[in-house]
Structures are given as structure tokens and as C-alpha cells.
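Only one structure is covered here, and it is reproduced in the block below.
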Amino acid sequence: EATMIGISDLSLATGHHVLDLAHLAQANGTDPAKYRVGLGQDEMSVLAPDEDVVTLAAAAALPVVQRHGTDRIRTLLVATESGVDQSKSVGVWVHRLLGLPSSVRTVELKQACYGGAAALQAALGIVARDPRQQVLVVATDVARYDVETAAEPTQGAGAVAMLVEADPALVAIDPVSGVHTSDVDDFWRPNDHASAVVDGRLSVSAYLDALTGAWDDYRAQGGHPIEDIARFCYHQPFTRMATKAHRKLAQHTGVDLDEVLLEPTTRYNRRLGNSYTASLWAALTALLDDPTDLTGERIALFSYGSGAVGELITGVVRDGYRAHLRADDNARSLDERKPVDLATYRALHAAAGARGSEDHDVPVSTSAPFRFAGVRGLARRYEGGA
Ligand code: CAA
């Protein structure tokens with residue numbers, strides 16, 4: 001029998017600040033229900049000036065290495081859309097901040113919001129080859145659009161770290177998955193742009209096309225019939241997108257799918273905002289952290305990255321998984337954010353977009369365990385924080 005491989009730990013981290021989207025609605029003269037109900041978003045995380053995808057990733061992964069040690073981790077995979085260097089991977093800084101041993105391979109994966117699923121698949125392959133090894137996977141992003149656009153309320157930030165190993169404690173991933181690639185200009189970010197370029201309507205339809213394409217491939221590869229799947233976690237650029245996706249899949253398969261069961265998967269993302277590569281894993285974390293017992297249930301995970309790549313993955317929740325959750329810590333990372341008003345958020349947004357690669361020091365503001373200290377000799381510097 002093939003070794004079961006999957007996820008043994010999930011840990012969430014997010015930014016120091018939070019913006020209540022009601023403030024943004026008020027400033028735009030928009031009905032707050034448009035964001036709360038129409039998009040399914042209540043808040044978005046906003047980074048302090050001394051936070052970025054490196055500090056978020058390291059903060060998410062720290063509890064994982066504290067719990068499991070580093071002896072068996074020989075690979076660190078970091079997925080991000082918002083990397084901070086054209087060449088050096090985010091993971092190499094994360095590796096140092098976490099104090100991982102030198103006998104680790106480290107790399108960054110990129111395909112918009114899809115990179116986290118690609119990293120998970122690579123990790124499963126590495127563990128299949130040598131089941132003694134563990135792989136640390138971190139999905140980390142800050143979603144950034146121009147202000148005063150339709151996309152502004154769909155920003156956010158967050159990171160999810162996962163430990164992938166044989167005989168996993170949380171979810172055993174099925175060997176079959178469904179994939180879909182198609183060249184679409186729905187959302188992208190040229191190398192000299194701090195904010196994404198997006199065609200909102202096209203991005204929604206490209207997402208739904210990738211979903212049905214990945215589903216059909218999943219079935220063609222021998223994946224489970226839809227009736228075998230108890231719960232669905234979707235990439236959530238805004239949480240209403242999960243409802244649109246679920247309806248599309250119901251229509252495509254001709255099977256009635258319960259929309260109420262999506263609600264627990266949206267609880268963290270409604271408050272984080274979009275976290276690109278991390279969003280799907282934040283949805284899975286929120287689902288497992290919900291008090292409902294899912295032991296033995298099969299869960300579908302749909303990852304979408306504009307440009308565009310989709311993947312439909314399934315897995316089964318393991319016996320005894322609840323003892324390995326971090327529900328209180330995950331909720332605390334959201335609850336402890338410091339609220340900002342609209343003017344402060346807009347000032348932070350402008351400053352982050354203007355941040356160059358010339359030498360500068362960044363004063364301390366975050367209370368996270370790691371911080372971005374500034375640039376010296378064109379090189380970014382990170383240090384332990386509070
Ligand atoms: N009360 C309740 N609902 C309201 C409302 C009110 N007062 N006013 C409007 N709404 C509803 C609308 O009816 C609409 O609902 P439906 O989608 O069910 O029709 C919803 O609010 C959104 O309103 P609009 O259709 O007017 O859309 P918008 O112009 O505000 O733009 C958006 C929405 C296109 C998602 C935009 O926010 C955007 O471009 N976001 C960034 C791109 C994005 O997230 N794309 C998602 C797919 S791509 C992807 O997944 C990758 C990724 O992470 C980026």
C-alpha cells in the first residue's frame with residue numbers, strides 16, 4: 001500500500017494592522033453591504049512598515065518548527081506573488097530567521113495565487129521519495145491594488161505555514177489531482193509595478209473556467225465522484241468568490257451542493273482579505289479549526305492563480321486531527337491586530353508603494369517575532385522583533 005502523505009500542521013500569521021472595510025465604504029460613498037455581503041469581506045490586514053512577506057512567512061512557520069523541531073526538515077518551499085527580490089528567494093531569509101540547519105534546500109515558487117498548491121505537490125513528491133523527510137511549505141502574500149479602484153476592498157495580507165510528511169496528523173492528500181493551465185491576461189504584475197494590474201470581470205470568469213477544467217481533469221484521472229466530497233475549500237480573493245465557484249461546480253456536475261457548508265471556510269479570509277497564495281490554506285485552516293468534527297471526511301481544495309493555473313486537490317481528514325490544531329493562536333493573530341483609520345491605511349499604502357532599494361532604516365512598529373529593518377548596500381536586512 002502507498003504511504004499516506006499530507007499535512008501535519010497549519011499555522012496562520014498576518015499583519016500588524018487591520019482596516020474595517022466600513023471605513024473604506026464610507027470614504028467611497030459605497031453601501032457597506034456591498035463589501036460585507038456583495039464581496040463577503042469585513043476587514044483587511046494592513047502591514048506595518050517593518051513587515052513584508054518574509055516576516056509574515058517566518059512568523060507563520062515559527063510555531064511549526066517549535067513544535068516539530070528541524071531534524072527532519074530538508075526542504076523549505078515558499079510560495080508568493082509578492083516576492084521582494086528578482087533573484088533571491090524569500091525562503092532564504094525565512095531559513096535564517098527560523099534558525100534552520102544549513103542542510104536544507106530552499107526555493108521560491110511563483111504563479112500568482114497558485115504557488116502554494118504547487119509547493120504542496122512538490123513537497124508530497126519529495127516525501128514520497130523519502131518518507132523520513134519533512135517539508136516545510138509556506139504561502140505568504142500581501143495583496144495590493146491601486147487605491148480608489150474596484151479592487152481596493154479586495155486587498156489583504158497573510159501567511160500560512162504547513163508541515164508536509166508521511167502519516168500526517170491533519171489531512172492525507174489523495175494521489176490524484178486535476179490541473180488546468182490557460183494563458184489569460186486577467187491579473188498580473190509587471191516587474192516594475194508595486195500593485196497588480198487586473199481585469200476584474202475577466203478574472204472571475206477565468207477562475208470559474210479553471211475550476212471546471214480542473215474538475216474535469218480530476219475526474220478523468222480517476223478522482224472521486226462529487227458525492228464523496230463532504231467539504232469544499234476554494235481560493236478566496238474575496239469570500240463571495242467561494243459561493244460563485246460552488247454554484248458553478250454544482251451547475252457543471254448537475255449535483256446540488258450545500259452552500260451553507262462553505263461558511264466555516266470563509267471565517268479567517270473575511271477578516272484577512274485576499275492573501276493570494278495563502279488564501280486557500282487559510283480557508284482550510286478555518287474549516288479544520290471550526291468545532292465541527294470532520295474526522296474521515298474527504299475535502300476538496302481548489303487553488304487558482306491568475307494568468308492562469310487551477311488545481312483541484314482532495315484529501316481525507318485524519319483520526320485525532322483536533323489535537324494538532326492551533327485554533328486559539330490562529331484566532332489571536334486576527335484579534336490582536338491594531339485598527340487603523342482610512343487616512344493611516346492610505347498613508348501606509350502610499351509609503352509601501354514608494355519603498356525603493358536605496359539604503360534606509362525602518363523604525364520599529366510591528367509586534368511580530370521578526371521585522372524588516374531596512375536596506376544596506378542594496379541588501380534587505382531582517383531581524384528578530386518584539
Ligand atoms: N449590497 C449587497 N451586495 C451588493 C451591493 C449592496 N449594496 N452593491 C453591489 N453588490 C454586489 C453586486 O451585486 C455583486 O454581486 P455579484 O458578484 O453576486 O453579482 C458584488 O457586490 C460585486 O459588485 P460588482 O459586480 O459591482 O463588482 P465591482 O465592480 O465592485 O468589482 C471585483 C468586484 C471585480 C471582484 C473587484 O473587486 C476586483 O477587481 N477585485 C480584484 C480581482 C479579483 O479578486 N478577482 C477574483 C478572481 S481572480 C483570483 O482569484 C486571483 C486573485 O486572487 C486576484
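If you're wondering where the values come from, they're calculated on a predicted model, not measured in any experiment. In listed order, ligands and their atoms are each counted from 1.
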### Task
Please name the pair of heavy atoms, one in Arg337 and one in Arg271, separated by the smallest distance, quoted to 0.1 Å.
NH1-O, 2.7 Å

### Message
Only heavy atoms of Gly200, strictly under 4.0 Å: list the atoms of ligand 1 that pass.
### Response
34 (C), 39 (O)

### ring pair (Phe, Tyr, Trp, His ring centres under 6.0 Å), paired with Phe302, selected from Trp215, Tyr207, Tyr114
Tyr207

### Message
Heavy-atom distances under 4.0 Å decide this one: backbone, side chain, both or neither, for Asn274 against ligand 1?
### Response
side chain

### Query
In terms of atom number and element, which parts of ligand 1 are under 4.0 angstrom from non-hydrogen atoms of Cys113?
51 (C), 52 (C), 53 (O)

### Query
Which atoms form the tightest heavy-atom contact between Ile5 and Leu124, and what is the distance?
CG2-CD2, 3.6 Å

### Query
Minimum heavy-atom separation for Arg318 to Val171, with atom names?
CG-N, 4.1 Å

### Message
Using heavy-atom distances only, which candidate in Arg247, Arg201, Gln41 approaches atom 29 (O) of ligand 1 most closely?
### Response
Arg201

### Message
I'd like to check which ligand 1 atoms, numbered from 1 as shown, lie under 4.0 Å from a non-hydrogen atom of Thr154.
### Response
37 (O), 40 (N), 41 (C)

### Query
Is there a donor-acceptor contact under 3.5 Å from the side chain of Gln221 to the main chain of Ser177?
no

### Query
Any N or O of Tyr304 that comes nearer than 3.5 Å to an N or O of ligand 1?
no

#### Entry: Selection from Ala25, Ser205, Gly38 by shortest heavy-atom distance to atom 15 (O) of ligand 1
Gly38

### Query
Nearest to atom 4 (C) of ligand 1 by heavy atom, Lys34, Arg240, Met241, Arg36: which?
Lys34

### Query
atom 44 (O) of ligand 1: which of Ala196, Ala210, Pro237 has the nearest heavy atom?
Pro237

### Query
Would a search of protein heavy atoms around atom 41 (C) of ligand 1 find one under 4.0 Å away?
yes

### Summary
re atom 33 (C) of ligand 1, the protein heavy-atom contact at minimum distance is Leu39 CD2, 4.1 Å

### Message
Does any N or O of ligand 1 fall below 3.5 Å from an N or O anywhere on Tyr207, backbone included?
### Response
no

### Query
For atom 7 (N) of ligand 1, which protein heavy atom lies nearest, and how many Å away is it?
Asp31 OD2, 2.9 Å

### Query
Protein heavy atom under 4.0 angstrom of atom 12 (C) of ligand 1, is there one?
no

#### Entry: Phe238 reachable from Tyr268 in the ILVMFWY side-chain graph, under 4.5 Å edges
no

### Summary
Quick note on ligand 1: atoms under 4.0 Å from a heavy atom of Ser203 include exactly 42 (C), 43 (C), 45 (N), 46 (C), 47 (C), 48 (S)

### Message
Out of all atoms in ligand 1, which are within 4.0 Å of some heavy atom of His235? Include the element for each.
### Response
49 (C), 50 (O), 51 (C), 52 (C), 53 (O)

### Query
Counting distance only, does the side-chain N/O of Lys88 pair as donor-acceptor with the main-chain N or O of Gln86 below 3.5 Å?
no

### Query
Does NZ or CZ of Arg380 lie under 6.0 Å from the centre of the six-membered ring of Phe372, at an angle within 45° of the ring axis?
yes

### Query
Taking the six-membered ring for Trp, is the centroid-to-centroid distance between His246 and Tyr234 below 6.0 Å?
yes

### Task
For atom 25 (O) of ligand 1, state whether the nearest protein heavy atom is under 4.0 Å away.
yes

### Query
Do Phe187 and Tyr276 have ring centres separated by under 6.0 Å?
yes

### Query
For the side-chain contact (heavy atoms from CB on, under 4.5 Å) test, which of Val160, Thr80, Asn274 pairs with Asp141?
Thr80

### Query
To which protein heavy atom is atom 35 (C) of ligand 1 closest, and what is the distance rounded to 0.1 Å?
Phe238 CE2, 3.4 Å

### Task
Identify the protein heavy atom lying closest to atom 2 (C) of ligand 1, giving its residue, its atom name and the separation to 0.1 Å.
Ala33 O, 3.5 Å

### Numbering as shown, the atoms of ligand 1 that approach Ala150 to under 4.0 Å (heavy-atom distance)
29 (O), 31 (O), 36 (C), 37 (O)

### Task
Determine, considering heavy atoms only, which of Tyr35, Tyr145, Trp188, Tyr114 sits nearest to atom 54 (C) of ligand 1.
Tyr145

### Interfacing atoms of ligand 1 (cut-off 4.0 Å, heavy-atom, Lys244)
16 (P), 17 (O), 18 (O)

### Check: Glu311/Ser303 side-chain N/O donor and acceptor closer than 3.5 Å
no

### Query
Looking at Ser306, which atoms of ligand 1 are within less than 4.0 Å of one of its heavy atoms?
48 (S), 49 (C), 51 (C)

### Query
Do side-chain atoms of Thr285 reach the backbone of Trp281 as a donor and acceptor pair under 3.5 angstrom?
yes

#### Entry: Rounded distance (nearest 0.5 Å) linking atom CG of Leu312 with atom CZ of Phe232
8.0 Å

